[in-house]
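Worksheet: one structure, shown below.
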Amino acid sequence: MYRSHTNGELNISNVGEEVILSGWVQKIRDKGFMIWIDLRDRYGITQLIFDEDRTDKAIIEKAKSLGREFVIQVKGAIIERQSKNDKIYTGDIELLVSELTILNASKLPPFTIENETDGGEELRMKYRYLDIRRNPIKNNLIFRAKVTQEVRNFLSNQAFIEIETPYLIKSTPEGARDFVVPSRMNEGQFYALPQSPQTFKQLLMVGGMDKYFQIVKCFRDEDLRADRQPEFTQIDCEMAFVEQEDILHVFEGLTRHLLKKVNNIEIGDFPRMTFDHAMKTYGNDKPDIRFGMEFGELNDVAKHREFKIFDEAELVVGIAVPGGAAYTRKEIDKLVAWVKRPQVGAFGMIYAKYNEDGTFKSSVDKFYNQEDLAAWAEKTGAKPGDLICVLSGKINKVRAQLSALRMELAERLGLRKPEEFAPLWVIDFPLLELDEETGHYHAMHHPFTSPKPGQLELLNSNPGEVKANAYDLVLNGNEIGGGSIRIHDKATQAIMLKHLGFSEEEAIAQFGFLMDAFEFGAPPHGGLAFGLDRLVAILAGKETIRDFIAFPKNNSGRDVMIDAPSKLDDTQLTELSLKLNILKKEDNQ
Ligand code: ASP
């Protein structure tokens with residue numbers, strides 16, 4: 001028997017008991033005649049004491065040979081501590097060691113295994129198993145397990161069936177690039193790893209499973225912007241005989257259940273916002289509504305005053321920054337520099353201070369009088385003491401830029417409070433999105449999303465105007481889930497694919513299996529998927545998903561611990577009937 005108890009469970013009521021504990025040496029304090037060791041495991045820390053007067057000399061000698069992260073087993077009696085530690089559960093007691101076994105030695109760890117560590121990200125990732133011993137990461141993984149457990153509880157109680165779908169599938173265009181896997185048994189052919197189980201869950205509905213869910217890995221070979229992972233986890237769901245309202249109801253329930261069980265927060269009905277409204281008011285389809293700073297469109301009051309930049313812009317739009325009138329010239333210059341960074345891309349920023357005395361001072365006083373600026377204040381909701389920041393340009397670009405500024409300022413002003421939760425549904429998304437570079441439409445959600453009833457005709461005349469039966473769940477400025485009511489008949493699916501640029505043959509080659517299934521009594525159906533990694537991080541009040549994944553990849557998609565991806569040897573390549581001819585990136589464009 002390695003242990004009679006864990007290191008987190010003994011307290012004053014156990015004094016006098018003989019126990020056996022195992023764990024890692026976290027800390028050694030050697031006073032010569034007395035040694036204390038903090039013994040750690042997943043459950044906590046128990047203090048061990050070796051005392052010249054009471055402990056065998058040989059054991060003391062052995063204790064002196066221990067180093068950090070040695071794995072040991074000890075036996076002894078629980079005694080009351082002289083100086084207690086009220087910060088930990090076991091803080092009133094210690095174990096007077098009578099037997100000590102070294103189960104395994106440890107090299108000196110490359111960083112400290114403490115809550116605050118001196119290890120940088122790359123080093124911690126290389127030795128992730130040591131990082132996981134630290135409380136912050138360990139607790140994140142336990143937290144994640146609690147969230148998934150609650151997801152399973154909730155959905156199972158609602159008659160959802162957990163069903164696995166395959167990982168080796170056929171490439172499906174869901175917007176991202178596929179990871180592919182060569183098939184040894186089918187020379188020259190490749191599987192793709194699923195970007196999501198989308199078509200399979202729809203086929204499960206055709207199969208009559210009615211309510212499906214799966215906590216499932218998805219794979220997307222995308223350029224890794226900050227805090228994206230090439231493999232990530234979804235809570236994937238699908239239901240038959242449902243309308244949008246049914247889906248929103250169930251998954252609002254799930255989100256509320258999680259907030260209650262995990263965060264002990266009760267939230268009422270989630271607000272709903274159309275995509276158009278979100279874009280107009282927040283410049284973004286995943287608005288953080290924990291704070292105001294809503295957009296005020298200024299075309300009516302800012303154009304035709306001989307200020308060329310505004311006159312030439314498609315949209316002039318501003319926000320009011322609470323308390324910003326007090327910013328110094330230098331602070332404002334810094335903000336201007338911030339919006340001009342290539343990541344944001346604005347050409348500049350116009351501002352107007354709304355002074356406490358009710359007057360205005362702007363960077364464009366030459367063109368705008370006090371009355372004009374009062375109109376800006378009204379449109380942006382600015383109050384005396386605020387700063388109005390105004391950007392202008394092409395509608396989509398300027399909205400994105402102002403949205404970035406809004407989020408940045410809110411962050412600086414402490415308005416994005418991690419303990420506050422503001423979920424909402426964004427609905428009525430466009431069905432199609434125009435790729436400004438290629439001039440082609442592609443599905444905003446995915447090709448299986450149905451247009452709003454009665455809008456099929458519009459697809460021919462004005463495709464950009466068609467709205468989809470699609471919805472996103474947004475939490476604190478993050479899209480945590482999204483889904484749609486699907487197309488469930490072959491004819492509509494064929495029309496949709498045609499609009500996405502598939503020829504009839506291509507449509508059949510890619511989606512024949514799904515369209516065939518639609519001809520065998522496919523029920524109306526719809527669903528959604530939550531991004532589990534991000535959901536967990538947000539529920540924990542954090543933003544970095546890597547900290548909630550046991551073995552994440554870095555920004556170049558590498559696992560630096562196991563050193564993947566890596567080369568295959570010739571035998572493996574031969575078995576796969578493959579010969580490499582690596583093209584240089586430039587030749588590959
Ligand atoms: N498969 C979709 C996605 O991964 C979610 C859905 O439509 O259910 O975004």
Side-chain angles (χ1 to χ4, degrees), residues 42 109-151 167 175-179 193-196 214-236 258 262-263 286 288 343 404 407-408 411 416-419 421 473-482 529-566:
R42 190 183 107 194
F111 51 85
T112 52
I113 316 282
E114 305 274 346
N115 290 357
E116 298 289 335
T117 177
D118 54 359
E121 173 96 6
E122 193 76 6
L123 198 60
R124 293 198 291 114
M125 289 303 156
K126 182 159 163 54
Y127 298 94
R128 184 62 161 174
Y129 46 89
L130 296 179
D131 203 23
I132 291 172
R133 287 186 198 163
R134 297 169 53 238
N135 280 327
I137 304 296
K138 176 193 80 184
N139 290 339
N140 286 351
L141 297 181
I142 294 171
F143 182 81
R144 182 184 176 115
K146 177 162 170 66
V147 174
T148 48
Q149 191 62 49
E150 288 301 338
V151 169
Y167 279 162
R177 211 173 284 113
D178 285 321
F179 280 102
L193 299 178
Q195 294 180 29
S196 86
Q214 183 179 195
I215 295 183
V216 62
K217 274 289 175 76
C218 300
F219 307 85
R220 296 184 189 174
D221 188 5
E222 292 174 297
D223 288 339
L224 299 173
R225 281 186 268 128
D227 215 27
R228 283 254 184 124
Q229 289 282 313
E231 56 176 302
F232 60 97
T233 308
Q234 282 189 345
I235 308 165
D236 191 44
L258 293 177
V262 178
N263 298 77
K286 43 180 181 355
D288 190 339
Q343 297 93 316
M407 294 295 266
E408 172 70 15
E411 192 72 54
R416 304 193 66 204
K417 298 197 181 87
E419 70 285 359
F421 292 93
L473 183 59
V474 174
L475 183 57
N476 296 359
N478 295 277
E479 180 205 324
I480 57 161
F530 283 85
L532 179 68
D533 310 284
R534 178 139 294 117
L535 174 64
V536 169
I538 295 171
L539 291 176
K542 302 274 165 46
E543 303 231 323
T544 314
I545 65 172
R546 271 195 309 279
D547 290 343
F548 293 83
I549 297 173
F551 298 105
K553 299 202 168 35
N554 73 8
N555 280 345
S556 336
R558 296 201 69 83
D559 182 325
V560 294
M561 182 181 69
I562 59 172
D563 195 22
S566 58

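Sequence positions, counted from 1, serve as the residue numbers for this chain. In this text, all values refer to a predicted model and were calculated from it rather than measured experimentally.
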Heavy-atom check, side chain of [X] versus side chain of [Y], under 4.5 Å:
| X | Y | answer |
| --- | --- | --- |
| Pro230 | Asp221 | no |
| Thr233 | Arg144 | yes |
| Asn554 | Glu121 | no |
| Phe232 | Arg220 | yes |
| Leu193 | Glu231 | no |
| Leu130 | Pro110 | yes |
| Asp533 | Phe548 | no |

Less than 4.0 angstrom from a charged side-chain N to a carboxylate O is my criterion; do [X] and [Y] meet it?
| X | Y | value |
| --- | --- | --- |
| Arg416 | Asp288 | yes |
| Asp563 | Arg558 | yes |
| Arg534 | Asp227 | yes |

Any donor-acceptor pair under 3.5 Å linking the side chain of [X] with the backbone of [Y]?
| X | Y | value |
| --- | --- | --- |
| Gln229 | Lys553 | yes |
| Tyr167 | Lys217 | yes |
| Arg546 | Pro552 | no |
| Gln195 | Ala176 | yes |
| Lys138 | Arg42 | yes |

If you draw a 6.0 Å radius around CG in Asn115, do more than 12 non-hydrogen atoms from other residues or ligands fall strictly inside? yes

Considering residues, nucleotides and ligands other than Glu116, do more than 12 of their heavy atoms fall under 6.0 Å from its CD? no

Out of curiosity, [X] [atom1] to [Y] [atom2], how far, rounded to the nearest 0.5 Å?
| X | Y | atom1 | atom2 | value |
| --- | --- | --- | --- | --- |
| Tyr127 | Glu122 | OH | CD | 11.5 Å |
| Thr112 | Arg134 | OG1 | CZ | 7.5 Å |
| Leu532 | Ile549 | CG | CD1 | 9.0 Å |

Not counting sequence neighbours, which residues clear ring-ring contact (aromatic ring centres under 6.0 Å, His included) with Phe551? List them please. none

